[in-house]
Amino acid sequence: MKTSTTRRDFLATSAAAAATCALGVGGARGASAAGSDDEIRLAVVGLNGRGNSHLKIHHEALGVRVVAVCDVDAKVLEATAAKYSKTFGYRLDAVADYDELLARTDIDAVSLATPNHWHALQTIRALDAGKHVYVEKPVCHNVWEGEQMLAAEARSEGIVIVGFQNRHMPAMIEAVDFVRSGQLGAIKTVRTTCDRNRAGIGRSDTPVAPPASLDYNAWLGPADDLPVYRPRYHYDWHWDVNTGNGDLGNQSPHELDIARMFLGDPGHPTSVLSFGNRLGWDDAGNTCNMQGTLFTFADGARLISEVRNLVKGDGAKAGSAPGVPGVGVAVECEGGTVLASRGQGAKILDREGLTVRKIRGGDRSRDVATNFAEAIRAGDRSLVHTKLSSGFGSSCLAHFGNAAVRVGAMIGPEELAEVTADRPLLAEVATRYNTQLRAMGIETGADTWRWSGAYTLGEEAGRFDSGGDVAAANALLVRRGRAPYEIPELVS
């Protein structure tokens, strides 16, 4: 389906449209009135990794019954259905075909813990089938997909919630409210950090066949059918640009979302600069394990993002950002700094760096499921804390940074120092990363770093309008999917 709506018109009106929709419990079972005691019946889709968490949090949500699980790996599907049937004390249906799941009239909602490249199409299909959707981060594999998801939401009566748990955590909300109240003065810079103890994923000299239990065509879905050289199919898809988005699009969306909370949920940035590469690992991954990205917004706010997965071994600490969480956010204001980390709470420092207040944390992941159920039962999208629109905005930051760096020019450490010299925030990250490489004895040269140069985003929302290779960078923000898994174009 294709309409004459332009991207600019749609993005300007979709939030208002979504807020005014009258909603009800989806599916052929019909709508439930606010305050109804009807049980919400839910299926979890994608059972490796986050799927197990989805099963637990939805099972614990009041008035929700997990009735089915779905996965294209028969071995995983059967094992998970058996395990949680025993845990929950009743039989879970094991469904391999997602479309078959959507056709069922006894299921109101789906919870998507599938790989990134499936999020958009599964969300759109679910909304078109009258189901409500919980979708993991990042909400989409690229910017264009997310725009189609927003269009599908706007034309539907479904509740969509995104797995950004921070917007449900009292400690994070309190910290954001404190900064937004102006008690620390204006925000100068927000820094997000993603230092994870990861390792290389290995490499095969010949293409690796998928597991015998996996319906590989269905697993690929919209992604391109390309040879796979990683030994492990599951999870390690994160580090292949065909199916994943690296850690800038895996862990970092959580921190980028926190940053946008502190900044008041701004629109897309007006400029993006990024450098990075995959260093120290000779493996099959093709995403950056070290990356620095600088975003500037229309009001002048600056967000500097760090990804550093190369954190093991002698000299690795040389790359860490001093005085900030290894995975978290540092908000530098005129009157002090706030340090916040998911589940760990926050602390407020004065200008001298002394702690003046601590905000106790705690993981409240289950609150997302509770909020999802409350919004469905009330038929009210305004109750959703982690809306698709905000999740889309945070996910897009990762997509902009990745697209810019992927088409960047190869340069050496000395040249990186030169091109970032007039951008102190990015230069400081570059200096630490170059220092770490030397300390770890990793060989460097003219092909050490990819440098994007400056890209700007203009009036046409969600696309670059100037920069090094605008056409190539913008091409990475769009993918329509391979047949027969094309993502419908609902907004151009």
Side-chain angles (χ1 to χ4, degrees), residues 42-59 66-88 90-104 107 110-123 125-126 131 133-136 141 163 198-245 250 283-287 481-486:
L42 178 141
V44 174
V45 186
L47 304 177
N48 272 303
R50 287 295 297 167
N52 289 276
S53 298
H54 283 218
L55 281 160
K56 294 171 185 175
I57 63 174
H58 290 299
H59 178 67
V66 180
V67 297
V69 289
C70 180
D71 200 282
V72 294
D73 188 318
K75 182 178 179 180
V76 172
L77 176 63
E78 293 164 8
T80 305
K83 174 183 175 181
Y84 285 94
S85 292
K86 183 176 180 180
T87 300
F88 294 167
Y90 60 85
R91 187 179 68 84
L92 288 173
D93 293 341
V95 182
D97 188 325
Y98 182 66
D99 290 329
E100 177 185 323
L101 189 77
L102 296 183
R104 288 179 49 162
I107 291 177
V110 294
S111 188
L112 305 177
T114 48
N116 300 0
H117 67 284
W118 257 113
H119 289 177
L121 186 56
Q122 286 179 329
T123 296
R125 285 182 174 178
K131 312 301 184 187
V133 181
Y134 179 122
V135 59
E136 264 300 337
H141 183 258
R198 301 200 186 278
I201 62 173
R203 180 199 301 274
S204 171
D205 293 334
T206 57
V208 177
S213 58
L214 181 66
D215 181 342
Y216 185 56
N217 189 58
W219 184 89
L220 272 179
D224 297 325
D225 189 357
L226 301 172
V228 171
Y229 292 90
R230 64 181 185 274
R232 184 173 67 162
Y233 263 73
H234 294 312
Y235 192 79
D236 287 347
W237 54 262
H238 277 296
W239 325 122
D240 181 352
V241 295
N242 187 37
T243 51
N245 303 95
N250 175 41
D283 67 1
N286 53 26
T287 61
R482 72 184 178 97
Y485 299 97
E486 297 96 340

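Nothing fancy with the numbering, it's 1 onward along the sequence.
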By side-chain contact (heavy atoms from CB on, under 4.5 Å), E100 pairs with (sequence neighbours left out) V95, D97
One should read off an interatomic distance between W239 CH2 and D283 CG, to the nearest 0.5 angstrom, of 10.5 Å
For L55 and T80, the nearest pair of non-hydrogen atoms, with its separation, is CD1-CG2, 3.7 Å
(request) Show your working on side-chain contact (heavy atoms from CB on, under 4.5 Å) between I201 and D240 and close with a plain yes or no. (result) CA-CA 11 Å; I201 62 173; D240 181 352; over 6 Å; no
Distance col, row W237:CH2 vs L220:CG, nearest 0.5 angstrom, shows 13.0 Å
Exactly one of I107, V110, V45 clears side-chain contact (heavy atoms from CB on, under 4.5 Å) with L102, and that residue is V110
Inset, instruction - Determine whether the side chains of R230 and N286 contain a donor N or O and an acceptor N or O closer than 3.5 Å. - result: no
Any ion pair linking R203 and D205 (charged N to carboxylate O, less than 4.0 Å)? no
**Item:** Contact check, side chains of H141 and H119, non-hydrogen atoms, under 4.5 Å
**Value:** no
Query - Note, Y235 side chain near N48 side chain (heavy atom, < 4.5 Å) - result: no
Side chain proximity check, V228 to Y216, heavy atoms < 4.5 angstrom: yes
Contact between S85 and Y90 at the side-chain level, heavy atoms closer than 4.5 Å - yes or no? no
- Message: Any non-hydrogen side-chain atom of L214 less than 4.5 Å from a side-chain atom of H234?
- Response: yes
Distance col, row K131:NZ vs L101:CG, nearest 0.5 angstrom, shows 7.5 Å
Here the gap from D99 atom CG to Q122 atom CD, rounded to the nearest 0.5 Å, amounts to 9.5 Å
Between A113 and E136, the two heavy atoms sitting closest are CA-CG, 4.2 Å
Note: V72 and A96 closest approach over all heavy atoms is CG1-O, 4.0 Å
Before you tell me yes or no, could you show the steps for H59 and Y84 under ring pair (Phe, Tyr, Trp, His ring centres under 6.0 Å), namely the whole-Å CA-CA distance, both residues' side-chain angles and the distance that decides it to 0.1 Å? CA-CA 10 Å; H59 178 67; Y84 285 94; 8.7 Å; no
To the nearest 0.5 Å, atom CG of N242 lies from atom OG1 of T287 at 12.5 Å
Rounded to the nearest 0.5 Å, the OH atom of Y134 sits from the NE2 atom of H58 at a distance of 5.5 Å
With N116 as partner, the option from T243, N245, N250 fulfilling side-chain hydrogen bond (donor to acceptor under 3.5 Å, both in side chains) is N245
Checklist line | Heavy-atom check, side chain of V69 versus side chain of L77, under 4.5 Å | finding: yes
* **Any side-chain heavy-atom pair of V135 and W118 under 4.5 Å** => no
Heavy-atom nearest pair, V44 first then G51, reads CG1-O, 3.8 Å
Nearest heavy-atom approach of V208 to S204 is CG2-CB, 3.5 Å
Between F88 and K86, is there a side-chain heavy-atom distance shorter than 4.5 Å?
no
W219/D73 under side-chain contact (heavy atoms from CB on, under 4.5 Å): CA gap, chis, key distance, verdict:
CA-CA 8 Å; W219 184 89; D73 188 318; over 6 Å; no
